Structure formats: C-alpha cells, structure tokens
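Each remark here refers to the structure printed beneath this line.
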Amino acid sequence: MAAPPYDPMVVEPKWQRAWEEAGVYRARAAPGRPKFYATVPYPYVNSYQHLGFGVAFLRAEFLARYKRMTGHNVLMPQAFHCTGLPILGAARRVAEGEPRQLAILREMGVPEEEIPKFGDPLHWIDVFPQATMDDLKSLGAAVDWSRSFITTHLNPPYDAFVKWQFRRLRDKGYVEIGTHEVIWCPRDGAPIGDHDRLEGEGVQPVEFTLLKFPLADAFLVAATLRPETVYGQTNLWVDPDVAYVRARVDGEPWIVNRLAAMKLGEQGHRVEVLGEVRGRDLVGRDVLAPGVEQMVPILPSKFLEQNRGTGIVTSVPSDAPDDWMAVQDLQRDAAQIRAFGLDAATIAGIRPIPIIRSEGWGPLPAVEICERMGIASQMDREKLQAAKEEIYRTGYYTGVMTEAAGPYVGVRVEEAKDRIKADLIAAGRASTMWEPAEEVVCRCATPAIVKIVDNQWFLRYGDPGWKDVAHEALDRMGLYPEAVRKQFHYTIDWLRDWACAHHQGLGTKLPWDNHWVIESLSDSTVYMAYYTIAHALQGGKLRSDVPWAQRLNDAFFDYVFYGKGDPAAIAREVGTDAATLEALRMEFLYWYPLDLRHTGKDLVQNHMTFCVFNHIAMFPPEHWPRGFGVIGHVSLGGEKMSKSKGNVWFIRAAVEEWGADTVRLMVANAGDGLDDPRLDLQFAESIRDRIGSWFAFATSPGETTEQGTPLDRWFLSLLNRSVRGARTAMEAMEFRAALRAGFFELQTAWVWYATRVPVPNHAVRERFVETQTLLLAPFAPHVCEEIWHRIGRSGFVVAAPYPEPQASEIDPAAEAAESFLRATLADIREILKVTRIAPKRVTLFVAAAWKREASALAASLAKDGALTMSAFMERAMAVPALKAHAGDLPPFGKGIVEDLSHRKAEDLAEATTHIPEREYLEAARPFLESEIGCTVRVHAADEPGVEDPKGKARLAMPRRPAIYVE
RNA sequence: GCGUGGGUAGCCAAGCCUGGCCAACGGCGCGAGGUUUAGGACCUCGUCCCGCAGGGGUUCCCAGGUUCGAAUCCUGGCCCACGCACCA
C-alpha cells in the first residue's frame with residue numbers, strides 16, 4: 001500500500017495556479033474588516049534576486065499569511081526598483097564588452113546570444129522585474145501582483161507620485177539647496193559616478209587642511225590630513241625641480257603647485273595665477289610654522305606627490321615615517337646639503353618632537369615603526385605606506401596629545417584633529433581643500449578632482465525639529481526584534497542632510513529643476529502609499545498603460561492621500577470619473593497605515609529611517625508606519641551571502657533544487673532577530689524528507705479506533721500547547737520558534753502518543769492532521785494545500801482559520817501523570833544502565849498512603865505560603881494516620897518541605913497535581929514491559945505480603961516509586 | 001574610537017527580561033540497538049566526569065559581588081560580529 005511519494009515539482013505549480021486563478025492574494029479594501037498591510041522594500045533589479053532578498057521577503061510573507069488565517073484582510077504588494085546608477089553602468093559595461101560584466105551575466109545563466117541585448121539599460125528593466133516576479137511566484141509568494149510596478153520616468157504614474165512627494169516636501173521646508181563636494185572630471189566638466197570611473201569605485205572626497213607658512217611676500221601652502229601633528233613640525237618639504245605658482249587666492253598671495261591652483265578654483269575659491277616660482281629657489285629659507293610657532297627650514301625632497309594636495313608638504317618626523325626617512329636621508333647626504341647651500345649644523349640638529357601618546361607605542365611612533373619594519377630610506381615606498389596606515393589607525397583611535405601640543409594636551413587625537421583644524425582656520429593660519437580619498441580616474445582617462453557644487457539639493461534630515469518628531473514616531477511603532485529600537489534612535493540622531501538628487505542615473509527628475517534626478521534612496525520612502533492605489537493606476541502592467549494615469553497631477557494625489565479638493569473637478573482634469581477617485585481615496589484610507597515593513601538590517605540606517613522621516617513629513621500621525629521588522633545578513637554554509645563574495649544563491653536555483661516549501665522552511669528555520677540567519681542545507685535535506693513523510697502520513701487513513709484511549713487527553717493537551725506556542729511565536733515573528741512549537745513539538749507528541757497507544761483514536765488523529773496542516777500552512781503552503789484537499793476539506797488551507805488554543809483541553813493532570821510515567825521509565829533505565837543487570841522482572845512500589853497524605857498536607861501549607869518544618873510537623877502530628885509514623889515523619893518531611901518551599905505558585909500547582917499512581921502504572925504495564933523487555937509488577941509500598949527482599953519499598957516517595965530489579 | 005548585538009557542552013542553538021523544577025530544550029555529528037535497504041531513510045536509547053540501584057562531582061568567556069540559592073541580577077575585564085552613509 002505504498003502511497004505515491006510526494007512530488008513538489010508537480011504539486012507546487014498546481015496550487016500556485018489555483019491560488020492565482022481564485023485570486024486568493026488579491027486584496028481590495030473591505031471597510032469594516034480588519035486589515036493587515038505588509039511590505040518589503042522593492043529590490044533593485046539589476047540581477048536575479050538571491051535568497052538574501054528571499055529571506056527578508058518570506059519573513060514578511062509568513063506573518064502576512066498568518067494574519068490572513070487569523071481573519072485579516074491582507075495586502076502584500078511587491079514592486080521593483082530601477083532608480084539609480086548601477087543598471088546604467090552595467091549596461092554600458094556590457095556595451096563596451098567588459099569581461100567582468102559579461103561573466104556576471106553568464107553566471108546568472110543568461111544565454112550567450114542574449115548578452116548583447118543587455119547593452120541597453122531598458123533591457124535589464126524588461127528582464128529582471130519580470131524574472132523576480134516569476135521567482136517569487138515559484139516560491140509561492142502570497143502577493144497581490146495587480147499592484148506591482150517599476151520606478152522611474154518609465155512608469156508615468158509613479159513618476160508623477162514622486163514629483164508630487166517632492167513638491168510637498170519642498171513646500172513644507174524639508175528640501176533645501178546647499179553646497180556639496182563631488183568627484184569631478186575637469187575635462188568633461190561633469191561629476192563622475194561610480195560607473196564612469198576607470199579607477200576608484202566607491203571613493204569619496206576627503207578634506208585636507210591647508211597650512212599657511214608666511215614667507216616674506218606670500219604664504220607657502222602645505223596640505224595635510226593630519227592637522228593635529230602641527231606641533232611636531234620640524235621643517236617643510238618642497239620639490240626643487242617643480243615650478244610652483246604664485247597665485248592670489250581669495251585675495252591672499254599663495255604659493256602652491258599649478259594643479260592645486262586649478263582645484264582650488266573649482267572649490268569655491270577665487271584664484272588668479274600670477275607667475276611661477278621654482279622649488280629650488282625656496283629651499284634653504286626659513287618659514288614660521290603654524291602650531292609649533294617656530295621658524296623651520298624649507299628642505300628639498302624628491303618624493304612629493306604632485307597630483308595630490310599642493311605639492312608642498314610639512315614634515316613631522318615623529319609621526320610620519322616618510323618624513324623621518326627623508327630627514328635621515330638628508331642628514332646623511334653631505335653632498336646634497338652642500339649643493340643646496342644648507343646649514344649642516346641645522347640639518348644635523350633636526351630631532352623629532354613627541355606629540356602623541358598612543359596605546360602600544362613609544363613617544364616617536366614613526367621612528368619606532370621604521371626600525372621595526374627595517375625601513376632604510378624614503379625609497380622604500382611600499383613599506384612606508386603600510387607603516388603610515390598602521391600608525392594612523394592606532395594613533396587616531398587611541399592617541400592622546402602630549403604637552404608639546406600646548407593647549408590641547410590630554411585631548412584625544414580623534415577630537416584634537418578637528419579642534420586644531422578649526423582653530424587654525426579661525427586664526428587665519430589654515431584653509432581647506434578637497435581631494436578624492438584615493439585616486440579616481442574618469443573613463444576619459446583624466447584624473448578626477450573634487451568640485452564643490454553650490455546648487456545641491458538636500459533633504460534636511462539634520463534638522464533637529466524633524467528628528468524630534470522622528471523619535472516620537474519611532475516610539476509609537478512596534479519593532480521586531482525590539483532590540484533594533486536603539487539602533488533606530490541612534491540613526492535618527494546621527495543622520496545629516498542628505499543629497500537627494502544626482503546629475504545622472506535613472507529615476508524621476510526633480511520637479512522644479514530637471515537637471516537633477518532624484519536618487520534612489522529618496523524616491524522610495526513613502527511609496528507604500530502608492531501601492532494602495534496602484535492597481536487602478538497600473539492596469540496590471542509594470543509600466544502603466546492606463547490612459548488617464550499618464551496625466552496625473554498634484555491635485556490627484558492631494559485628493560487621494562489628503563482628501564483635499566473636489567473629486568469631480570479633479571477627475572475631469574485627469575480624465576477619469578469621480579467614483580474612481582473616491583474609490584482610490586477609500587483604498588488608501590482603508591489600508592494605511594502600513595502595519596509591517598520588513599528588511600535586512602543594512603537598511604536600518606538609511607532606507608528604514610528615511611521612511612519614518614518622510615512619513616512624518618508627508619502624513620498625519622494616524623498614517624505613520626506601525627511596525628518595522630529587521631533581520632540580519634543571510635549566510636550560507638557559514639559565509640555571508642553577497643555578490644562580492646561570489647556565494648550568491650539565486651531564488652530560482654534554490655527552488656529548482658529543493659522545491660518551494662523546503663526553501664521556505666529552511667528560511668523559517670534560519671534564525672530570528674538580529675543574528676545572521678543561516679541557511680542550513682542539512683536542515684533542508686531533513687525537512688524535505690519530513691515533509692514527504694508528513695504528507696504520506698496525513699493522506700493515508702492509518703489504523704484507528706473509535707474507542708477512546710487513556711492518552712487522548714494527554715495528546716490533546718499537548719496539541720493545544722503547540723497551538724498556543726505557535727501563535728505566540730508567529731505574533732512575535734519568531735518563526736524558528738513557531739516551527740518548533742507548531743511542527744517539531746507536535747510531531748514529537750504524536751510519536752509518543754502512537755508509541756503509548758496500541759491503536760490511535762480516530763478523532764484524535766483527524767484533529768492532529770488538521771491542526772498540523774493549518775499550523776504548517778504559512779511556511780509550507782503547497783504541501784498543506786495538497787493535504788487539505790486530499791483529506792476532503794473545502795476552500796483553501798491558506799485562507800482557512802488558524803487553530804485557536806482550547807483552554808478546556810489543556811489538562812495539567814493528564815500531563816503530570818504522563819510525566820510521572822516517563823520519569824519512572826527513565827529511572828528504571830538509569831538503574832539498568834548503572835547496574836548492567838539484564839532484568840528478569842521489575843517491581844514498582846508506589847509510595848505508602850501516609851506519605852501521600854503527608855505530602856498533600858505539605859502542598860496545602862505551601863499554597864498558603866506557610867510551609868515550614870515546624871508548621872508541617874505540628875499539623876502532621878494532629879493527623880492520626882500520620883502520627884502513627886511519627887518516627888519516619890521528620891526525615892521524610894524535611895525533604896518534601898525543602899522541595900516545595902521555594903516553588904512558584906504555578907509550579908506548585910503542577911507539582912502537587914494528584915496522580916493516581918498505582919492505577920496509572922498498572923494501566924501502562926504492557927507498555928513498560930515492552931520498553932524494558934521483562935515483566936513488570938506494580939504494588940503499593942504499604943501493601944501487605946509483597947515480596948521485597950532488598951527492602952526497597954520503604955524508599956518509595958510520592959511521584960517517585962521505589963524500583964526493584966531482579 | 002563611537003553605536004548595536006553577542007560569547008551556553010564536538011558544532012549549531014534555546015534558556016537570561018520575570019534568579020530556584022537547569023547537567024541545562026531542540027537539531028547536527030558521533031556511539032549502540034532495531035527495522036528496512038542497492039545506497040539511503042526511519043525508529044529507540046546513549047553522548048561533561050565518576051558510579052554494579054535511580055547517586056555524586058564539576059560546568060554556561062574570565063574575575064569579583066549580591067543572594068539561603070545565579071547560565072540568569074550587579075561591577076570590572078577579555079573576545080567576536082555588524083554599521084559608521086549621500087550607495088543599492
């Protein structure tokens with residue numbers, strides 16, 4: 001009677017079709033009915049989606065499915081994010097035939113002949129949103145696809161929505177124009193996005209401090225990233241062979257190199273180049289060094305980077321290995337000293353000045369590390385670079401300024417750096433200049449510089465008033481897990497103004513300035529509101545072709561989201577009818593606010609927090625989000641899943657290999673909270689098999705009886721505990737716990753029941769199958785649906801009511817009795833193990849009546865909180881049946897008082913539940929005998945005439961029968 | 001450095017908020033037995049140390065402390081992971 005094995009590859013698509021045809025997940029407003037609205041941030045669609053997104057998605061979906069089963073009208077939509085730079089860059093790289101980009105496509109399984117098409121960014125947008133949709137469907141996603149869409153101008157109604165959003169934000173003063181530093185190509189005259197760089201992907205601008213050294217008629221200007229080291233300056237370096245320029249910068253005469261003069265001009269300074277001055281002519285003169293306030297000599301060096309800074313560098317041999325080496329090289333080079341006419345005694349007298357004390361370092365870290373690494377001269381560029389980094393890292397975090405730093409003595413480097421810089425600037429002794437943090441080269445092969453643009457638009461997240469409300473909004477939200485709350489509050493405080501528009505990239509143009517495109521973290525903050533009306537605007541297409549939805553204006557959104565204006569007039573303007581508008585308004589009011597938004601923890605510090613900020617800016621408090629859920633980084637086989645690590649697992653590959661239900665269960669089991677969820681392939685294997693056997697069990701009749709069994713109440717009690725545990729865990733989004741309570745524990749209970757009972761009761765088995773199927777349905781909807789129909793239930797299991805725990809069926813007495821039996825069995829086994837006796841017969845002695853009576857007395861005293869040894873003895877001696885055992889009473893009482901006096905009330909009730917020990921053991925005799933493999937006898941310890949050669953019977957305690965093994 | 005989370009038996013991982021039913025749930029791995037088998041899967045028992053009677057000993061990163069009692073509370077220390085942005 002072998003049932004056909006369960007085949008997910010056949011069953012899963014079948015139900016996916018059935019659900020879609022029946023529109024089970026299609027959600028429309030139903031005023032009066034409780035609703036639940038869950039979303040996951042739309043994924044960026046430059047690839048097939050991997051399980052990182054899958055995990056974030058499924059966790060939200062598990063809860064959404066659970067809510068559907070607990071009577072909610074559930075909305076879970078899913079859109080696709082196309083805004084930004086990566087698709088453009090990738091398409092361009094394909095068009096140019098870049099091997100790495102082509103390899104990425106091949107690895108995704110794109111056929112060779114399809115690859116050229118990906119040279120067009122629009123092709124990516126044709127392929128990946130659709131593919132993601134297919135992948136999610138194959139996972140069994142419970143999504144209302146009628147509300148799906150893509151972002152950017154390619155989808156006009158969404159484009160109009162974002163424009164509306166930005167106009168409103170600007171009206172309310174949340175958008176502001178300011179200056180901003182960008183990586184810039186001087187030849188193209190344009191910013192260089194990541195995808196336009198030959199070198200330097202991800203590199204950001206950094207700010208140098210420019211130190212001004214007064215020299216007769218001008219300032220020599222040196223650039224440094226370490227302004228706190230000004231107190232250790234011993235000299236200045238120039239390259240004797242470089243022609244520097246004299247320039248008027250903001251009215252001051254400066255000497256810098258030619259490139260620096262150009263850069264300063266791009267950074268908001270007025271620069272006029274007046275003439276040249278050779279480095280050689282500067283060497284040997286003395287200048288006043290800011291900070292140390294001493295005259296220091298200008299000395300020659302051949303290793304000054306002329307593409308960075310000003311080509312002039314100050315020398316701090318105590319903390320800069322380069323400088324220490326250069327000083328020593330010069331000190332050893334008498335010819336050089338003569339050639340430049342330098343004063344030998346001055347050169348020889350240069351000594352590093354200790355200025356920073358840091359952990360694990362002596363007073364002169366540069367000297368120390370050069371010795372340790374065996375660096376011999378300034379020619380040793382590679383080692384010097386490593387040395388510099390090592391010193392800087394520890395110095396920055398742990399360093400403290402010494403007495404040499406005058407007013408800054410005792411200040412931590414991290415803080416001194418900014419203070420010294422600011423003070424020098426305030427005193428007119430310094431200025432600033434931006435450079436890319438590392439070398440950046442434009443596609444046109446030109447090295448990049450930093451330009452300060454003065455018309456950058458910002459969202460004012462740095463605004464204290466806005467932050468205050470954001471904190472407030474957050475405090476009203478439910479967070480899963482609660483532990484992320486601090487992280488969110490911290491992020492709100494830490495956030496500064498955000499450059500919300502770019503020169504390039506796909507997206508929506510800034511409505512009041514179409515040179516700018518709204519960047520991708522800014523066009524995605526309140527679109528959950530758009531979902532509520534998207535079904536009408538999109539017409540079922542990712543790129544809307546609904547005629548009237550191509551012409552949406554602000555009045556339309558003002559009405560739908562704010563209820564402002566006259567629907568009839570607006571409808572006329574837009575080209576639809578008032579009823580449609582009113583219906584959309586109703587959808588919005590019904591679904592909003594959002595109940596849950598769920599994502600990986602990496603979005604906490606940007607997207608999720610932006611979402612809060614923008615909601616409070618755009619909507620009244622009743623429409624602010626109600627709940628956020630966060631999960632850690634997914635790892636597979638102990639390694640983080642990320643594209644850079646190369647261990648991505650695409651959803652499609654996972655489903656193909658394991659089937660949707662197994663993947664879903666693997667995700668549910670991967671772990672909750674902020675810990676990184678781990679996808680465990682061993683678990684996948686075992687759960688796949690368990691699904692198969694569960695299916696076989698559930699769909700086969702099995703041998704049952706109409707007769708009640710002694711274990712029925714026990715099993716139903718545990719079943720209800722499972723239900724209760726599963727519900728609690730589901731509500732808390734603790735899916736691993738839910739799976740345990742709702743599946744593993746229930747299964748274990750059944751196995752015990754089936755072992756204890758010769759033939760299971762029919763109704764109990766049916767109850768088990770039905771309950772188990774329902775509890776499992778949010779995780780493994782396909783197999784559950786198949787079972788549901790095979791056992792003759794109607795409707796879809798995915799929309800059936802989730803089981804309710806029946807308090808009346810929870811039976812502590814039945815549980816206590818069975819625990820007693822199991823403990824007894826464990827004791828017998830323990831004895832057999834220790835004694836290594838092959839048992840011929842086991843005799844169990846249940847405690848004598850007086851002991852049971854005494855322990856009941858103790859229990860009742862304990863319940864009143866009055867259990868002490870003396871109280872117990874006093875009361876016991878008043879009972880004739882106990883007084884008769886006056887001699888045995890004290891030692892017995894001592895143990896029992898000890899045990900009961902510290903218990904909590906609820907535990908006490910359980911520990912003192914009456915168990916008919918003798919009858920229970922007697923009834924379980926056949927079971928015990930088959931477990932132990934010999935005959936078992938049950939007696940009472942005070943039963944006369946029972947043979948007890950070892951005198952075991954008197955050891956019997958209530959709940960702890962004496963055991964005699966032969 | 002700042003912020004957050006965490007360190008539990010061979011591994012993964014509950015418990016910690018609300019101290020005592022905790023030698024500490026569960027899973028994997030490992031060992032023994034059963035059943036079936038081509039392989040596998042499944043079931044039962046065991047898996048810190050000692051113990052020929054259900055017991056004892058020593059444990060929950062380290063060191064102190066509070067308490068009749070601590071994996072759980074407090075103090076200090078060590079270690080690990082993630083984030084530190086204008087980018088999806």
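None of the values given here were measured: they were computed from a predicted structure.
In this structure, A/V965 reaches the bases: a heavy-atom distance under 4.0 Å links it to at least one base atom across the strands shown. Residue contacts shown for A/D680 are absent, as no nucleic acid heavy atom lies under 4.0 Å away. Using a 4.0 Å heavy-atom criterion, one finds that A/R829 contacts the sugar-phosphate atoms exclusively. Within the nucleic acid shown, A/Y964 comes within 4.0 Å of at least one base atom, counting heavy atoms only. Contacts of A/P961 with the nucleic acid, taken as non-hydrogen atoms under 4.0 Å apart, include base atoms. Across all strands shown, A/E519 has heavy atoms under 4.0 Å from sugar-phosphate atoms exclusively, and none from any base. Residue A/A962 is in base contact, counting any heavy-atom pair closer than 4.0 Å across all strands shown.
Contact annotation: A/R736 does not reach the phosphate of B/C12 (side-chain N/O to OP1 or OP2, under 4.0 Å). An OP1 or OP2 oxygen of B/C87 is reached within less than 4.0 angstrom by no side-chain nitrogen or oxygen of A/H607.
Screening A/Y174, A/W494, A/F610 for a ring-ring contact (aromatic ring centres under 6.0 Å, His included) involving A/Y461 leaves a single residue, A/F610.
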Stepwise side-chain hydrogen bond (donor to acceptor under 3.5 Å, both in side chains) check, A/H471 with A/D493:
CA-CA 9 Å; A/H471 283 297; A/D493 284 331; 2.8 Å; yes
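Only the P atoms considered, B/C17 is 15 Å distant from B/C61, to the nearest whole Å. Nucleotides B/G10 and B/C21 place their P atoms 23 Å apart, quoted to the nearest Å. Nucleotides B/C11 and B/U47, compared at atom C1', are 14 Å apart to the nearest Å. Across the C1' atoms, B/A81 and B/G33 are found 43 Å apart, a figure rounded to whole Å. Comparing B/A63 with B/G31, their C1' atoms are spaced 38 Å from each other, to the whole Å.
Within the model, atoms CZ of A/R690 and CZ of A/F743 stand 5.0 Å from one another, a figure rounded to the nearest 0.5 Å.
Considering only side-chain atoms of A/E830, the nucleotide from B/A85, B/C86, B/G51 that sits closest is B/G51. Looking at the side chain of A/R740, the nearest of the listed nucleotides B/C25, B/G29, B/A88 is B/C25.
Summarising the base pairing, B/A81 is matched to B/U4 through a Watson-Crick or G-U wobble pair whose two defining distances lie under 3.5 Å. Taking a pair to require two hydrogen-bonding distances under 3.5 Å in either a Watson-Crick or a G-U wobble arrangement, B/G64 pairs with B/C74.
Formation of a donor-acceptor pair under 3.5 Å by the A/E917 side chain with backbone atoms of A/R959 is found in this model. Without hydrogens or angle criteria, A/E745 side chain to A/L739 main chain gives no donor-acceptor distance under 3.5 Å.
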